[in-house]
Amino acid sequence: MKLFARLRSIPISYRMPLIVALLLIAVSAAISEGVLERLSRTQERFLDGLAQTYLDGLSSAVLPAVLRDDVWEVFDALDRSASSYGAMAPLETIVTGADGRVLAASDPGKIAAYSELPDGFVGRYGPGLVTIDEASMTGFTRRELVYQGLPIGTIHATFDVSHLFAERREILITLLVTNGVLAAFFSLGGFLLVKRMIGPMRVLESHMRAAANGTAEPILPGEFPSRDPEVASLFRGYNALVHAERERADLAMRLAEEEKVASLGRLASGMAHEINNPLGGLFNALDTLQKHGSTPVVRATAINLIERGLQGIREVVEAALATYRPERAARPLSATDLEDVRLLLKPELRRCRQRLAWTIAWDDQDELPIKSGPVRQAVLNLLLNASAVTAEGGEIGLAAHVSSGQLSLEVHDQGPGFPGDIAGILIDDDPGPAVRAGCGLGLWMVRRVVDDLGGQVTIVEKPEGGTVVTLILPLSGEERQADAA
């Protein structure tokens, strides 16, 4: 594993030639082993043939003398065979009789006639005709002398095989030198070839690394390979990718600018919408003052309404200015704040001849730990939207109650229901194309209020017709800081 890890850490321009050299060495080793094995078998067959010929000739020469126990004639046959079979390179030949005693030896001074065979002679022979001892570079063979089916003696021969090992060694050196030269040649050629092949890949790699670091640049025409159309096509594809990425980035910047302008437009339209809503009530209060200003009760109610309406407009403007600033303190919500909404709706309800169902399920003196300004805006926008979709003579309504630390505000109408894209402004993660097209700005402001207060919105279609929009706002006293961007 460590070897493979080290190989992977070597640059490919060096790793590939090294792998080629290792493969050549492995192949040459396998070939050399095969050649030497084939040579060894050939030499063994050749040696078996020589030994067979030598033993056949010697057996014919000594067999009559062995029958007569003629030691001198056996010795003479051994002496003559030494010169006749020079290719065999015999070192020592011994002929024994039927009793196993030596009749004659090629070196009588070493082994005398009628002596016992030296220890180890019998155990040195293998199953084949010739047994080779590589340590001493000698070969051993023997032949039983048989006459009329009866053994009458044995020929023991020892011969020199060092020339065979020398031949093997010469061939091995030749193979090693040849394979070494070839491995070096092919390794150098592989290095140059791989270096030339991966040169364009290094160019592509450097550009891709630069692109990963944020500076994607196209490959210059001068860096294109002139003789490799496939790599040139790859370079052209990379350049097309770089140009496409630049176009995408430019388009994203343009879209971001357009979205910024559109967001400012929606904010301006929403502010105008939020300011326009209480203006109707203010004008109605001014008209009341002009006509009935002499009545103290009417005058006090109208002035109070004008004060609250102007305060609501100021809160809308301050909310727009403080979009990216921490939430400012605001007074808690009370039933009186919702009664202001009821007063602001009266002119619109009177104009459309509609009824208002109104249920506030907490005491007028109780204050809820939630900002009154955003809640009043959301309720006013929902009721105005309900009035716009309800036919003349219909009914809209508000039901507010507190349970489990949450404020629930239910606004219902008798309209045809919300279209999917308009309903998505309140309940989807993305307000969708309706807001981008300038539709549903009042609902968009409601959605922003709910998100800022950490609440949620549900829309339910009534079986008898109409829709119920429910705002569920937590009364934790700590409102979620939402990122308007």
Minimum-distance pair of heavy atoms, taken over all atoms of [X] and [Y]:
X: A400; Y: L409; result: CB-CD2, 3.4 Å
X: I370; Y: P474; result: CD1-O, 4.0 Å
X: L473; Y: G455; result: CD2-CA, 4.1 Å
X: R355; Y: G393; result: NH1-O, 2.8 Å
X: V449; Y: A378; result: CG1-CB, 4.1 Å
X: V130; Y: A51; result: CG2-CB, 3.6 Å

Determine whether [X] and [Y] make a side-chain contact, defined as any pair of heavy atoms from C-beta on separated by less than 4.5 Å.
X: I219; Y: V242; answer: no
X: L471; Y: L382; answer: yes
X: S206; Y: R209; answer: no
X: T288; Y: L305; answer: no
X: R236; Y: F224; answer: yes
X: L47; Y: T141; answer: no
X: I132; Y: F165; answer: yes
X: K462; Y: V468; answer: yes

Once rounded to the nearest 0.5 Å, what's the spacing between atom [atom1] of [X] and atom [atom2] of [Y]?
X: L383; Y: L398; atom1: CG; atom2: CG; result: 5.5 Å
X: H163; Y: E170; atom1: NE2; atom2: CD; result: 12.0 Å
X: L50; Y: L129; atom1: CG; atom2: CG; result: 10.5 Å
X: E410; Y: H401; atom1: CD; atom2: NE2; result: 5.5 Å
X: R124; Y: T131; atom1: CZ; atom2: OG1; result: 9.5 Å
X: C352; Y: I396; atom1: SG; atom2: CD1; result: 8.5 Å

Hey, are Q354 and S387 close enough side-chain-wise for a donor-acceptor pair under 3.5 Å? yes
In plain terms, say whether E217 and R246 are close enough for a salt bridge, that is, a side-chain N and a carboxylate O under 4.0 Å apart. yes
Counting neighbours of [atom1] on [X] that are heavy atoms of other residues, nucleotides or ligands and sit closer than 6.0 Å, is the number greater than 12?
X: R353; atom1: CZ; result: no
X: Y125; atom1: OH; result: yes
X: R38; atom1: CZ; result: no

Under the salt bridge (Lys or Arg N to Asp or Glu O under 4.0 Å) rule, what do D452 and R448 come out as? Steps first, then yes or no, please. CA-CA 6 Å; D452 290 342; R448 292 198 57 179; 5.0 Å; no
Only one of V460, V457, T458, N385 forms a side-chain contact (heavy atoms from CB on, under 4.5 Å) with V469, so which one is it? V457
Keeping the roles fixed (side chain from T301, backbone from V297), state whether a donor-acceptor pair exists under 3.5 Å. yes
Testing H412, Q414, E461 one by one against T467 for a side-chain hydrogen bond (donor to acceptor under 3.5 Å, both in side chains), which residue passes? E461
